[in-house]
Amino acid sequence: MKRLAKWRLISLFTILTLILSGCGEPYLSALRPAGEVADMQYDLMKLSTLIMVGVILVVVVIFVLVLVKFRRKDDKIPKQVEGSHKLEIIWTVIPILLLLILAVPTVAATFKLADVSPMEKEDSDALVVNVRSSLYWWEFEYPNEKIVTSQDLVVPADEKVYFNLKSSDVKHSFWVPAVGGKIDTNTDNVNKFWLEFDGKRAEEAGDLFYGKCAELCGPSHALMDFKVKVMDREEFDGWVTAMQNVKEPVQATTDLAQQGQEIFNQSCVSCHAVTPANTTPEAARIAPNLTNFGDRSRIAGILDHNEEELKNWIKNPETYKPGNLMTGKYKELNDAELDALTEYLMGLKVQE
Ligand SMILES: [Cu+2]
């Protein structure tokens, strides 16, 4: 019996080790901070954990000491300390001090993290991204650059990026665990904050940070992922220019892709835009903008970016994201049509 309990415990810890080891990835872990905001948040985590562990240690030590020292040996009752002023003051003052040590840096950091004044200044040259969340996808609009993209947020490394965040349907929450957040996206107000993406850390993470929705929003909440592509400034400027240069939908080059484009124009274009300009009203942007779909790192935020998965997605999005708003909104497609669509969509690239 005892042996069984021991084995149970060991296997539990083994499984936990396996599971928890998944938490340390540089593209996903708040414990591997990759930027100024993440560093600040991580320092606060360390400080509060340290204080908590300290309190637990002191309490456990006193507890054990008292257990041993005042174990009942005879009928004598030890000296009673009820109402001791000295003790009461000690255990009131110490927690107050601890709370102060915790509160001062936390409040200071909170104000610093919420400081978006550079974005609000008139003719500021701060980089601004408007994030809009929808069931179950993300839109990223660059108002100063006048372009829109979705699913893959593109940012330059090592500089402050300012965010306006809101939602078009229900409450979601924008979180890039390795870089900072999270912050709610609401329907009735715009939240603002900034992040900085560490270039070196991004390289370790394969230039791709994982983003998540952190507010339960529906059956596919856990699949409402996005990615952050981190580039150096030059490459970022190149990307912006390449996007801006797409004035008309990218023309299909092969026959197959041309067929795909025709099908797309019949069945899909009512929801999906293939031009990047931010001139259409938000209410009309009811699906991910596909201008640079061929450059994406994932399909629908979660599937590997290849032809096979793209066909699977178009054939039956419901299997991958239950409750998504694309299912059933277009005619059924046969294999030839899927081939053509795939050829067309994969060719939607703005970068070589
Ligand atoms: Cu969600």
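Because the structure is predicted, anything quoted here is derived from the model rather than measured. Scope of the values below: all heavy atoms of this structure, side chains included, with no hydrogens, waters or symmetry mates. Each ligand, and each atom within it, is numbered from 1 in the order the structure gives.
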Tell me whether H172 has at least one N, O or S atom under 2.8 Å from the Cu ion (ligand 1).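 No, H172 does not qualify, because none of its backbone or side-chain N, O or S atoms lies under 2.8 Å.
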
* Asked: Name of the H221 N, O or S atom nearest the Cu ion (ligand 1)?
  ->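 Nearest N/O/S atom: ND1.
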
message = Tell me which N, O or S atom from E215 is the closest to the Cu ion (ligand 1).
response =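 That would be atom O.
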
* Asked: Does the side chain of S167 pick up a donor-acceptor pair with the side chain of T185 at under 3.5 Å?
  ->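 No pair is found: no donor N or O on one side chain lies under 3.5 Å from an acceptor on the other.
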
Close side-chain approach of M224 to W137, heavy-atom, < 4.5 Å
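A side-chain contact under 4.5 Å is absent here.
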
Using side-chain heavy atoms (C-beta onward) and a distance below 4.5 Å, is L47 in contact with L102?
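With C-beta onward as the side chain, the pair touches.
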
- prompt: Do you know which two heavy atoms are closest between K212 and W138, and how far apart they sit?
  reply: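 It is O-CZ2, 4.1 Å.
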
